[in-house]
Amino acid sequence: MPREIRVDIGELALDGFRADPDRVAAAFEHELTRLVRERGVPADGPWTADVLSGLPPLPAGLSARRLGQELARAVHEGLSGRGEVTS
C-alpha cells in the first residue's frame, strides 16, 4: 500500500534571491517527489522539522528551478537522516 508523505512549509525566506517564488515552489515539489520515489525515506516517521539548517551556500543568481532543486535535496537529506534538520 503506498504511503503518503506530506510536506508543509509555513514560511520560506530567501534573502538575496530574485527567483520567482511560485517557480521555486514548483521545482521544489517536483524534485522532492522524485527523490522520495527514487530513494524513499525511512519508515519510522512522522518527521517534524521546524528549522532547516546546514544548507550549503548558494549563489544569489541561481534560477528558480535550481534553487527549488537544492532546497528539495536538503529537505530529503534531513528526512533521510543524513542532513541537518533540527526541530
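Everything numeric here is computed off the predicted structure, so don't read it as measured data.
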Q) Is there side-chain contact between Val24 and Phe17, with heavy atoms separated by less than 4.5 Å? A) no
Minimum heavy-atom distance [X]-[Y], with the two atoms named:
| X | Y | result |
| --- | --- | --- |
| Leu58 | Leu62 | CB-CD1, 3.8 Å |
| Thr33 | Glu29 | OG1-O, 2.8 Å |
| Ala27 | Gly68 | CB-CA, 4.0 Å |
| Ala60 | Gly16 | CB-O, 3.2 Å |

(Q) How about CZ on Arg65, more than 12 heavy atoms from neighbouring residues, nucleotides or ligands closer than 6.0 Å, or not? (A) no
Q. Do His76 side-chain atoms and Leu71 backbone N/O form a donor-acceptor pair below 3.5 Å?
A. no
**Q.** Residue list, side chain to side chain donor-acceptor pair (under 3.5 Å) with Gln69, at least two apart or on another chain
**A.** none
Q. Taking atom CZ of Arg34 and atom NE2 of His30, what is their separation to the nearest 0.5 Å?
A. 8.0 Å
**Q.** Derivation and outcome, salt bridge (charged side-chain N to carboxylate O under 4.0 Å, His left out), residues Glu70 and Arg66
**A.** CA-CA 6 Å; Glu70 291 299 326; Arg66 182 71 177 174; 3.0 Å; yes
